[in-house]
Amino acid sequence: MRQFFRGKIGKIVLATGLVFAAIALCVWLGSRQRLLPQHYVQLTLDGMRGGSIYALMALGFVVVYRVTGVINFAQGEFVMLGAMLCLTIHKLPLPLPPALKLIVAIIAAIVLATLIGAAVERLTIHPARRSPPVTLTIITVGVTITLRAGALLAWGADPYVLPAFSTLALEDHIFRFGSVILQAQTLWIWGTLIVVLVLLYFFLEHTIMGKALRACAVNQRGAQLVGINPGRMSMLSFALAAALGAIGGIVLGPVTRPIYDMGLMLGLKGFVAAIMGGLVSVPGAVVGGLLLGVTENLAAGVTNPTYKSVFAFVILIAILLFRPQGILGGTGQATEEVK
Amino acid sequence: MKALWARRNLVNVIAFTVVLAALGAVDIFRPFGLSFSALTGRVVTLDTMIRIGILTIVVVGLNLLMGYAGQVSLGQAGFYALGAYFSGILSTLATRHTILPGITGLWWWPWLMIVVSMILTGGFAYLVGKPILRLKGNYLAMATLGLGVIIHILAGQFPDITGGYDGLTGVPRLSIGSFTLWPMQRYYFLVWGAAIAVIVISLSLVDSRIGRALRAVHTSEVAAEASGVDAEQYKVQALVLSAIFASLAGSLYAHFQGAVSPSPFSFRASVELVVMAAVGGLASTWGAPFGVGLIYVVRDLLKSQLERLLNVRSGEYELIVYGIILVSIMIFMPEGLTASSVQFMQGRRRRHGNIEPQRVQSNGTVEDLGQ
Amino acid sequence: NSGTSQETGQGVTYKIGFNSSATGASASLGLPEAKTAEMIQKQINDQGGITGPDGVKHDVKIVIYDDESVADNAVSNVTRLIQEDEAVAVVSTTGSGTTIAHIPVCEENETPCISMASAQPITVNADTGETYRWMFKTPQTNGHAGEWQAAYLKATGVSSVCILYTDDGYGKDCLANFKATAEAAGLEIVYEGAYATSDTEFSAQIAQVQASGCQAVEVGSTPPVASLATVAVHTALPEIPITLGHGVCNQAFIDTAGAAANGTVFPCGKITVLDQVADSDPQKTVLQKYIDDYTAFTNGEPISTFGGHAWDAVEMTLNALESLNDGMSLEEQRTAVRDYLENQIQGWPGIGGVFTMSPADHNGLTKESLLFVTVEDGRWVAFPESEW
Amino acid sequence: MLKLEQVNAYYGRVQALRDISLEVSEGEIVAVIGPNGAGKSTLMNTISGIVSARSGQITFAGVPIAGCRPEQIVRLGLSQVPERRQVFSTMSVADNLVLGAYHRYRHEHKETIAQDMDFVFEIFPRLKDRIKQMAGTLSGGEQQMLALGRAWMAKPKLLLMDEPSLGLAPLLVKEILRVSGELRNQGMTILLVEQNARAALDLADRAYVMESGEVVLAGSAEQLTADARVQTAYLGRKPVSN
Amino acid sequence: MPPILEVKNLRKEFGGLMAVFDVSFDVQPGEIVAIIGPNGAGKTTIFNLLSGVLPPTRGDIRFDGQSLIGLKPHVITGLGLARTFQSVQLFGNMTVMENVMVGCHQQATYGLIDAAFRLPHARREEHHIRERALAQLAHVGLESHAEEPALSLPFGRQRLLEIARALATVPHLLLLDEAGSGLNHSEKAELEQLIRVIRAGGVTVLLVEHDIPFVMSLADHIIVLDYGQKIAEGTPDQVQADERVIAAYLGQEA
Ligand SMILES: Nc1ncnc2c1ncn2[C@@H]1O[C@H](COP(=O)(O)OP(=O)(O)OP(=O)(O)O)[C@@H](O)[C@H]1O
Ligand SMILES: Nc1ncnc2c1ncn2[C@@H]1O[C@H](COP(=O)(O)OP(=O)(O)OP(=O)(O)O)[C@@H](O)[C@H]1O
Ligand SMILES: [Mg+2]
Ligand SMILES: [Mg+2]
């Protein structure tokens, strides 16, 4: 019996069983809350929206971790910078038609955030590149503190607004399917996630540059010996992560109200999503993000939403215990190899 | 060799104790009207010293876990919180809930509850540690992160028990018989007494069979197992011990503040504890008090001096500068305060020393041991 | 530490401790508070200090700290202010939890502390029900807000209500007070749901609101999440009435909630709706002056109620200090300030309302300190009981 | 092609190379032999830029390379089979090999690179069987093959091999010695460190003997094979006293 | 005499790959036995299975009559089976001495509490451990390096240190994985001598090695693997003459 569940088919049976059990539990709890089918649809849709943002965040973590072995705590701050820079540029009195103005603001914000990301790497990570990853990780904590306080100084403690992409106004276009609601911005978010995922996956897994980035984290000495410049790769990874963060912040901007400390919780959840995906896998990060978003929202919906974040972290621990290598993982990251 | 080591530790501990006792005595006897904070140019206050002492206890434990056993914890504030809340809740049972009404006047009840808190927290760490410590490296960090955040959130939830978001008030002062360990000048001795005890325990441990086993697990779990070390057991022991230390610190904190609320136990606090450990120097027991101290002193300096220097409101600037200082410390002292200053001094003395150790990575393996 | 007056008529410098959460989770509240304190410092300096009844002039120094919205820091800062900086009185701090943490420090050191947070347990010992000796607070309580909300809902014929609130000190206090007043008014609370300040979607709560079938929704949050929650409720249930607490009485709410804010109702401190306040109102001149001063000082930053709480606290303290003769010891000064606050703040028009303190009431405000408003076309409009 | 003059290198305060002067001409195979800890690997690492020389000149194909970073030196056409292999352990065998040709991707066709990969698989069919396996889970010898293959993929002008036969089965040792000769015939220059002194001297044109950081003997392979000291210490002609 | 180690139908699969395919062999006490075979034949995998680092897919391992299946590595070490690693696995954050002292871990019994409070019985045991460790270092000739960081030793010495650490566990059976690789001729001769001394001390030795002359002169008994399967077994002379072994491993002129 135990043997069976260790085997491949056994595992699939077990997993399917668990999923069905979870769904059954969900429906049972939901019925106690008197939820109707459309509510489940709504919860799932909204969970996927939140999850998409977690996924974008998680991708940023993955990119930096894969290359440098560093957990970049500053990832959340790049999200904040993306949103803040974008809305600030958008508010400038540029003589442009509104749509173009928004596009200009978006591009400029991404470029700026990317440059900031690269500068952060040059100024803080590069000088300490010979130090162990723990030290570098702590450096990113310092960077986080400085960036957030700088944002508070620059933008104050009040929330701002970024117009929805479809309407170019605060009020977004809303699609209604019966009582199920879908905001146009949600489609933008999903679209962005798909485009980013495809591009990033192609870049990291199928170009020599992507492999070189990966090689740096695996064995820096080895990387140098085949002609890779780890310093440049490290800068590239931070710049890329900053860009990803900024993109996330910008598409999220219209559905939230950007504020100087928005990076904090988003960063944490994005991190959780990245871990759920195995910390090095691009598709894993996306699945992790979506799964986190949907399950936490469903769990909150059928029980008590007060504990939404608790659910998120319980899911994290459960996944770590049962699949430490991440949902899609199989890389054996969590085990040591002996020769 | 061995005897020398032990003696050096003893000398350090005595020197450390004497200096701290002298500092504390200054504030009690106030020779020439001199107070502790006057000694430090009003930068470091006694309040700060006590907080440093309390967090030193947590960080010594974290150091054992991270620096020696190599198991990162991003949720240590959770154990710290458990200590504070257990102590807070249990020692106010009578006043808040009229459970065990007789205990209100008993001086030993809070002390007993400190021990109970340590046992409860240690037990909890054991229960969660068993499965979680099968995970390696960052995965453990993540799991502890989750735990820490969950504890933090739950601490704000049940107003009847935890006091909810506003927290629990009325935690009594500690006393021995009729001798109350308050005002602060007295509490200072209690806290630092506990901190030094914890340091001594940690020093002894590190230099023992257990300490070696932990360090071995850190570098190569397989090789440690092959040498007869039960890696899992020692990792759990390290986690439990660090949790017990954190719990003790939490209890001392609760009786110091007189109130416990969730805000000091957030994820941010856990990260800050790791920062303190790293600033002091991982795998160095003495790193703990100095790491915690440095962080506090920097912050207090900024608080009291920045306004004067830049003529700005502290707030944001304080944090900006703090972040920059933190980054600089880690760039210039990547192995932390203690290791870096030791290297600095040895660089002077040891002109013709032996071979310098190779660059050892955080996990203790040489950088290029990639098979 | 007694100072002696000199021939020039210049007495000791009074220090007022000031601690707020200028950064961290409560920064949007604490930052305007800190700025208000700076502004008052500048005004005093410009005036050349304050003068006591004996004609002796005193410089006043407001020592300003930031506690980063963390209880530990609040305790440290207040301890430092009392013991190191030797402040006569301390104004601290932005949050309820953070204030409650430093109550023992104020009480043990016998120093008057005025909080800018609203929770009941700040001035009243929750266990004994007694008013603390040294603790005061200036904001209107959520209890006052709750009275307005309950009365309104009752008047409009609502019988069952859902409460959505933030999982933080403010939200929890809203919940507690609203629940108490609403139930007292005979309303049925059919659903309570919390969310985090960082949440961006509320489908779980909305689904449960829909399932519970309540007739009105009360939102107890501050922006930005208050705006998001309001938008979410409005989008899913466009017809349902929404009441909010006085935490949304700042421009940020209207700016960030957009059209969803229209038609929402809530009580507000008069500062945010000055144009709705009658000229005869005793607060009118004070409010006008504060708004003008603050706008000038910060180069046009939006005013907020929270800055007003700081203003009340510091100005009260200044009034108390002005009543002191020179030559008192620090302990005497502290006691005198405390006594003044407790007994002499009578019918005192401030930003938060007209204060009348007493030994049993260290807040001194009533429901009338708030004004009931609604939002029309992105503007606040007074919504007196007669129009309900 | 490669020339070292008076090179000194240190680990901290310990001197690992003392006034090393050495030359490798184009098309040669030069061997370096010496006991454990003699500094052979340090020499290799100094040439490839991993350890920086404190003083002295290193020129490669006329370019001074002392002080250059390893990745710059690789681009000049110098590639190393490092001690301890340094494979990318969590990447597949194929990715490891592809990365060997990293600096060639800019100006060479993918097809040529693919052909070189076929060459590696021809020599080491085992690697082809394991093409998707992660390098870290390969057996020790398989990893050594991978390290060799990766270095070949760089198509260097000068190949540095640090103990290429380490952990390889006897048949394969022969094979890589044969391949080394073949590569030399195709115009590659090789600098080789080997514990298996006999095989090294059989293959090499010239050789150096290092002891405690210094070159103590140099000469043609025949000269050294005939040298009495070399015979006792490295070739085991006389039984070793104990 | 009963064999000290009995391996029966041992199998290990990695995914679809049979790294070890139904291998059986015995080791008699006091013998020096060598396992040889081409790269990737499964030699290290067998060591990993014996020492409990990897669980076998099927098969049985009996050590001193007791089955090792399902036991954790440290338990197996405690039973008296020690090993070294093909890629040296030293504790880089410790001195040479401390590395060996870790090997003595199970020679002491004092626990966390005893250590924390430096109880007398802990001190006594600690003293004992030091002496033992020093003796082991002397055994392999590293006593003069006792206080140096382990990784500053040259590679060859690191192998010796690993052997000392393994010996410190007081094994009955010692597994050496390519202990001679990276050593030059004279160093190999010293190693050979050391192994003989170890055996003379009553320890059975099982080793993996690619250096044919070294193996042939040292081993009493040789097992040859190819593609995970045992293809030959016997005395050095028998094995050297085996056709399959020559084809798969030794090559014609060896
Ligand atoms: N990273 C390092 N840090 C300190 N000392 C080192 C380091 N690497 C090597 N050494 C020392 O430098 C000297 C030369 O070492 P090197 O590795 O170059 O020798 P080698 O000739 O390659 O020996 P082997 O045959 O064992 O590979 C040795 O004494 C060694 O201990
Ligand atoms: N974790 C693993 N996953 C997949 N394959 C593995 C794993 N570990 C080992 N292998 C494969 O199993 C085979 C046997 O490996 P093993 O390390 O036992 O070889 P070996 O006989 O020790 O070889 P060498 O002489 O090169 O050290 C190899 O082909 C190797 O690639
Ligand atoms: Mg070498
Ligand atoms: Mg092997």
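Quick note: numbers below take in every heavy atom, side chains included, and nothing from hydrogens, waters or symmetry partners. Lettering of chains follows the sequences in order, A, B, ..., and the numbering in each one begins at 1.
In this structure, the side chain of A/Thr135 does not engage the main chain of B/Met330 through any donor-acceptor pair within 3.5 Å.
Contact of B/Val149 with chain A is made through the side chain alone, with heavy-atom distances under 4.5 Å. Of the atoms belonging to B/Val279, not a single heavy atom falls under 4.5 Å from chain A. Contacts between B/Ile320 and chain A at a heavy-atom distance below 4.5 Å involve backbone atoms as well as side-chain atoms. Contacts between B/Glu272 and chain A at a heavy-atom distance below 4.5 Å are absent for every atom of the residue.
Minimum heavy-atom separation, A/Thr146 to B/Ile324: OG1-N, 3.3 Å. When all heavy atoms of A/Leu123 and B/Ile331 are compared, the pair lying nearest together is O-CD1, 3.9 Å. In terms of heavy-atom proximity, A/Ile138 sits nearest to B/Ala278 at CD1-CB, 3.0 Å. A/Ala149 approaches B/Leu319 most closely through the heavy-atom pair CB-CB, 3.5 Å.
For the atom pair B/Leu145 CG and A/Leu268 CG, the distance stands at 5.5 Å (nearest 0.5 Å).
Side chains of B/Phe267 and A/Leu264 form no contact here, defined as non-hydrogen atoms less than 4.5 Å apart. Residues B/Leu147 and A/Phe313 have side chains not in contact (no heavy-atom distance under 4.5 Å, counting atoms from C-beta outward). In this structure, the side chains of B/Val72 and A/Val134 stay at 4.5 Å or more apart for every pair of heavy atoms.
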Margin query: Using the rule given for side chain to side chain contact (heavy atoms under 4.5 Å, CB included), can you reason through B/Val274 versus A/Thr137, listing the C-alpha separation, both sets of side-chain angles and the distance that settles it, and then say yes or no?
Written below: CA-CA 10 Å; B/Val274 174; A/Thr137 300; over 6 Å; no
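Listed options B/Leu282, B/Val327, B/Ile329, B/Ile325 were ranked by heavy-atom pairs under 4.5 angstrom with chain A; first place goes to B/Val327.
Close approach to chain B, defined as a heavy atom under 4.5 Å from one of its heavy atoms, is seen in no residue of residues 294-305 of chain A.
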